[in-house]
Amino acid sequence: MPNTRHLVDPELAPLLDAWPAFDLSVETLPAVRSRQLPRPPMPPVDVAYDLLKAPRRDGAPSVPLHVYRARNADGALPCILHLHGGGYVAGSAGELADFHRVLADDLRCAIVSVDYRLAPETSFPGNIEDCYAGLDHVMREADALGLDTARVGVMGESAGGGLAAALALLARDRGEHRLAFQHLIYPMLDDRTCTADPHPTAGEFIWNRAKNIFGWTALLGHEPGREGVSPHAAPGRAIDLAGLPPTFISTGALDLFVDEDIDYARRLIAAGVPTELHVYPGAFHAFTIVPGARVAQAAQRDSREALRRALHG
């Protein structure tokens with residue numbers, strides 16, 4: 001991997017110094033999961049919160065759902081079903097509580113964050129089935145939750161973006177619930193990136209090729225790049241993208257996922273899916289958390305306004 005530090009937006013560079021360096025392996029995973037990653041401070045807001053449980057169809061323990069509802073809105077609320085990031089192996093819904101409170105208040109919506117099971121303890125399809133259980137519960141209990149089923153969409157960052165895209169495919173294929181949109185932030189879509197030729201300028205920072213191989217191996221239960229991987233595990237492998245909901249995709253030019261994200265957007269457009277794509281120069285994986293950086297602020301603004309349009313028209 002060549003040195004691409006000179007391509008990084010100077011206002012993003014402080015994150016590279018603040019982000020804890022780590023390797024991903026079975027041995028280091030407990031320590032990685034326990035680390036507190038840098039997050040920007042969020043202002044306090046008055047938002048209702050509930051912790052609910054969504055039953056799984058396979059009889060496994062129910063799925064925790066963290067539900068945030070705006071108090072500054074009347075009537076049935078539009079809803080974002082959120083899936084957290086963490087390379088499929090780390091992260092939790094609760095870590096994003098402050099972010100979700102602010103987002104629900106600003107967008108006058110509900111946010112339901114799914115605490116899906118992590119790999120490698122739970123490999124595919126357990127994790128995506130957890131996400132589907134969350135969607136199913138939201139749709140079936142919408143009246144009790146005060147939600148508008150015509151305005152329920154799915155959102156995620158990184159591995160959460162991959163799960164969001166997979167959930168959109170699974171919902172389309174099962175035909176039980178119709179999503180209003182999918183909102184994907186630097187999504188982790190395609191295990192074949194692990195076996196492709198290395199990108200000359202992307203993937204040096206935060207989430208690199210070695211971490212990607214570990215995450216995909218944990219999710220799939222075998223090495224990435226094999227034939228026959230389900231698109232409900234790796235949505236970048238889906239052949240038919242027709243009938244998916246309107247899509248927003250945001251990524252960085254230096255992100256390991258830039259090619260798979262652009263390709264997914266291109267194929268969505270070709271399939272007739274309304275698609276908005278943003279690629280931010282000088283930006284690497286997770287760049288949106290850098291406070292004060294103008295490119296991060298632009299990405300956050302573009303994302304927020306796209307969500308506002310998707311939720312409220």
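Keep in mind that what you see is a predicted model, and the values were worked out from it rather than measured.
Residue-environment remark: CG (Asp23) stays at or below the threshold of 12 foreign heavy atoms within 6.0 Å. Heavy atoms of other residues, nucleotides or ligands lying less than 6.0 angstrom from CZ of Arg294 number 12 at most. Heavy-atom neighbours of Asp74 CG from other residues, nucleotides or ligands within 6.0 Å: at or below the threshold of 12.
When side chains are defined from C-beta on, Leu145 counts as touching Leu52, because their heavy atoms get closer than 4.5 Å. Arg308 has its side chain within reach of Glu305: a pair of non-hydrogen atoms, C-beta onward, lies under 4.5 Å apart. No side-chain heavy atom of Leu135 sits less than 4.5 Å from a side-chain heavy atom of Val154. Inter-residue side-chain proximity for Met139 and Val152 is flagged as met; some heavy-atom pair is nearer than 4.5 Å. Arg151 has its side chain out of reach of Cys79: every pair of non-hydrogen atoms, C-beta onward, lies at least 4.5 Å apart. Side chains of Leu96 and Ser113 form no contact here, defined as non-hydrogen atoms less than 4.5 Å apart. Under the 4.5 Å side-chain criterion, counting only non-hydrogen atoms from C-beta, Leu169 is in contact with His232. Using a 4.5 Å cut-off on side-chain heavy atoms (C-beta onward), Pro78 and His312 make contact.
Sorted by first then second residue, the ring pair (Phe, Tyr, Trp, His ring centres under 6.0 Å) pairs that include residues 99-126, not counting sequence neighbours, are Tyr68-His100, His82-His100, His84-Tyr116. Sorted by first and then second residue, the side chain to side chain donor-acceptor pair (under 3.5 Å) pairs with a member in residues 233-246 read Asp191-Arg237; sequence neighbours excluded.
Taking 4.0 Å as the cut-off between side-chain N and carboxylate O, Glu141 and Lys53 do not count as a salt-bridged pair. Taking the charged nitrogens against the carboxylate oxygens, Asp105 and Arg101 have no contact shorter than 4.0 Å, which rules out a salt bridge. Of the charged side-chain nitrogens involved, none lies within less than 4.0 Å of a carboxylate oxygen, so that Arg35 and Glu95 do not count as a salt-bridged pair.
To the nearest 0.5 angstrom, Cys131 atom SG is 6.0 Å from Leu167 atom CG. Between atom OG of residue Ser158 and atom CD1 of residue Ile206 there is a gap of 11.0 Å, rounded to the nearest 0.5 Å. In this structure, CD1 in Ile185 is found 10.0 Å from CD in Gln300, a value given to the nearest 0.5 Å. Taking OG of Ser25 as the reference point, atom NZ of Lys211 lies at 11.0 Å (rounded to 0.5 Å). Atom-to-atom distance recorded for Leu219:CG and Leu118:CG is 10.5 Å, nearest 0.5 angstrom.
Partners of Tyr88 under the ring pair (Phe, Tyr, Trp, His ring centres under 6.0 Å) rule, at least two apart in sequence or in another chain, are Trp216. Arg178 is linked by a salt bridge (Lys or Arg N to Asp or Glu O under 4.0 Å) to nothing, counting only residues two or more places apart in sequence or in another chain. By the side chain to side chain contact (heavy atoms under 4.5 Å, CB included) test, Ala165 is found to be paired with Gln182, Leu184, Leu189, Pro235, Tyr264, residues two or more places apart in sequence or in another chain being considered. When the side chain to side chain contact (heavy atoms under 4.5 Å, CB included) test is applied to Arg71, the partners found at least two apart in sequence or on another chain are Asp46, Ala48.
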Margin query: Please determine whether side-chain contact (heavy atoms from CB on, under 4.5 Å) holds for the pair Leu268 and Ile249, giving the CA-CA distance in whole Å, both sets of side-chain angles, and the decisive distance to 0.1 Å.
Written below: CA-CA 11 Å; Leu268 284 164; Ile249 298 178; 4.1 Å; yes
Check: Passes side-chain contact (heavy atoms from CB on, under 4.5 Å), Leu254 versus Glu204? Steps please.
Finding: CA-CA 8 Å; Leu254 306 182; Glu204 181 179 357; over 6 Å; no
Next item on the list: Start with the C-alpha distance between Thr28 and Phe214, add both sets of side-chain angles, then the distance that settles side-chain contact (heavy atoms from CB on, under 4.5 Å), and finish with yes or no.
Entry: CA-CA 11 Å; Thr28 65; Phe214 181 84; over 6 Å; no
Next item on the list: Evaluate the criterion ring pair (Phe, Tyr, Trp, His ring centres under 6.0 Å) for residue pair Phe257 and His285; output intermediate values, then yes/no.
Entry: CA-CA 8 Å; Phe257 304 144; His285 198 64; 5.2 Å; yes
Note to self: Please determine whether salt bridge (charged side-chain N to carboxylate O under 4.0 Å, His left out) holds for the pair Glu223 and Arg192, giving the CA-CA distance in whole Å, both sets of side-chain angles, and the decisive distance to 0.1 Å.
What the structure shows: CA-CA 10 Å; Glu223 72 275 7; Arg192 295 170 297 183; over 6 Å; no
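In this structure, Leu179 and Ala171 approach most closely via the heavy-atom pair CD1-CB, 4.4 Å. A pairwise comparison of heavy atoms in His137 and Ala54 identifies CB-CB, 3.6 Å as the closest pair.
Test Asp302, Asp9, Asp255 against Tyr280 for side chain to side chain donor-acceptor pair (under 3.5 Å) and you get one pass: Asp302.
Side-chain contact annotation: Thr193 with Glu260, donor-acceptor N/O pair under 3.5 Å present. Side-chain atoms of His183 and Ser303 form a donor-acceptor pair, as typed in the model, at a separation below 3.5 Å. In this structure, a donor-acceptor pair under 3.5 Å is absent between the side chains of Thr217 and His222.
Judged by the 6.0 Å and 45° rule, Arg69 forms no cation-pi pair with Tyr49.
Under the 4.5 Å side-chain heavy-atom criterion for Ile, Leu, Val, Met, Phe, Trp and Tyr, Val89 and Trp19 are members of the same hydrophobic cluster.
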